[in-house]
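In what follows, a single structure is set out as C-alpha cells and then discussed.
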Amino acid sequence: QVQLVESGGGSVQAGGSLRLSCAVSGHTYSSYCMGWFRQAPGKEREGVAAIDSDGSTTYADSVKGRFTISQDSAKNMMYLHMNSLKPEDTAMYYCAAEPGLSFSGSWRPHTSDFGYWGQGTQVTVSS
C-alpha cells in the first residue's frame with residue numbers, strides 16, 4: 001500500500017518561494033508516475049506537475065517556468081519547488097502516485113490518472 005505525506009506548505013507574499021515535499025512509503029514499483037495537484041476553494045482539483053520513473057517531467061502552462069518538480073529516489077521523496085508565487089497559486093496542494101504510469105509529448109496530469117493521494121498541504125500567497 002502506497003502512502004504519501006506532504007509537507008512544506010505555508011503562507012508567503014507574492015513573489016516568494018516555497019518547497020513542498022512528499023514522503024513516499026510502501027512503494028516498490030520500478031515504473032511509476034508521481035504528480036502534484038492543487039485545489040482552490042470552489043474549484044476543481046487540477047494537475048500542476050508530474051514526473052515519471054525515467055525522470056521525464058510535465059507542467060501545467062500556468063506554472064511552467066516558475067515551478068520545478070523533482071525526486072530523490074534514494075530518499076523516497078518528491079519535491080515541488082515553487083518560485084515567483086502569485087495569489088492565484090493559493091490552494092491545497094496534493095501529492096499523487098500511480099504505479100506503471102508513464103507519459104510523453106503533451107500529456108498533462110489529471111486526477112483520474114492517479115490512484116494514491118496524500119492528505120494535502122495548504123499554500124497561501126498574499127498580495
Side-chain angles (χ1 to χ4, degrees):
Q1 182 75 8
V2 177
Q3 293 185 321
L4 309 171
V5 179
E6 303 95 334
S7 61
S11 297
V12 64
Q13 290 192 327
S17 299
L18 282 174
R19 187 186 77 164
L20 305 184
S21 299
C22 176
V24 185
S25 62
H27 164 35
T28 60
Y29 304 98
S30 59
S31 175
Y32 59 86
C33 181
M34 297 191 66
W36 286 99
F37 289 76
R38 65 186 181 186
Q39 187 168 20
K43 294 188 177 181
E44 291 186 355
R45 192 171 297 188
E46 63 174 359
V48 174
I51 187 167
D52 68 15
S53 49
D54 292 331
S56 297
T57 59
T58 184
Y59 297 90
D61 290 342
S62 59
V63 305
K64 198 173 296 183
R66 300 188 298 122
F67 291 10
T68 302
I69 189 171
S70 64
Q71 60 185 347
D72 186 335
S73 299
K75 296 182 179 179
N76 290 326
M77 296 291 294
M78 181 180 67
Y79 305 99
L80 186 67
H81 303 258
M82 305 186 294
N83 297 319
S84 302
L85 282 162
K86 304 175 181 179
E88 51 263 44
D89 294 319
T90 295
M92 185 72 78
Y93 282 70
Y94 297 90
C95 169
E98 181 61 27
L101 176 64
S102 62
F103 59 85
S104 62
S106 60
W107 181 84
R108 298 291 184 266
H110 192 272
T111 54
S112 60
D113 296 318
F114 294 83
Y116 296 97
W117 293 86
Q119 82 291 346
T121 184
Q122 178 68 37
V123 171
T124 302
V125 184
S126 58
S127 57

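Starting from 1, each residue takes its place in the sequence as its number.
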Would you call the rings of F114 and F37 parallel, tilted or perpendicular, taking 30° and 60° as the class edges?
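Rings of F114 and F37: perpendicular, as their planes differ by over 60°.
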Has the side chain of [X] got a donor or acceptor atom that lies under 3.5 Å from a matching backbone atom of [Y]?
X: D52; Y: D54; result: yes
X: R108; Y: S106; result: yes
X: Q119; Y: V5; result: no

Would you check if [X] and [Y] make a side-chain contact, meaning some heavy-atom pair closer than 4.5 Å?
X: T111; Y: W117; answer: yes
X: Y93; Y: E6; answer: no
X: L101; Y: W107; answer: yes

Nearest non-hydrogen partners of A97 and L4, listed with the distance
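For A97 versus L4, the nearest heavy atoms are N-CD1, 3.7 Å.
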Does K64, at its NZ atom, have more than 12 non-hydrogen atoms belonging to other residues, nucleotides or ligands within less than 6.0 Å?
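Counting neighbours around NZ of K64, more than 12 heavy atoms of other residues, nucleotides or ligands fall under 6.0 Å, so yes.
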If I take atom [atom1] from residue [X] and atom [atom2] from residue [Y], how far apart are they, to the nearest 0.5 angstrom?
X: R38; Y: T90; atom1: CZ; atom2: OG1; answer: 9.0 Å
X: C22; Y: L80; atom1: SG; atom2: CG; answer: 10.5 Å
X: H81; Y: L20; atom1: NE2; atom2: CG; answer: 9.5 Å

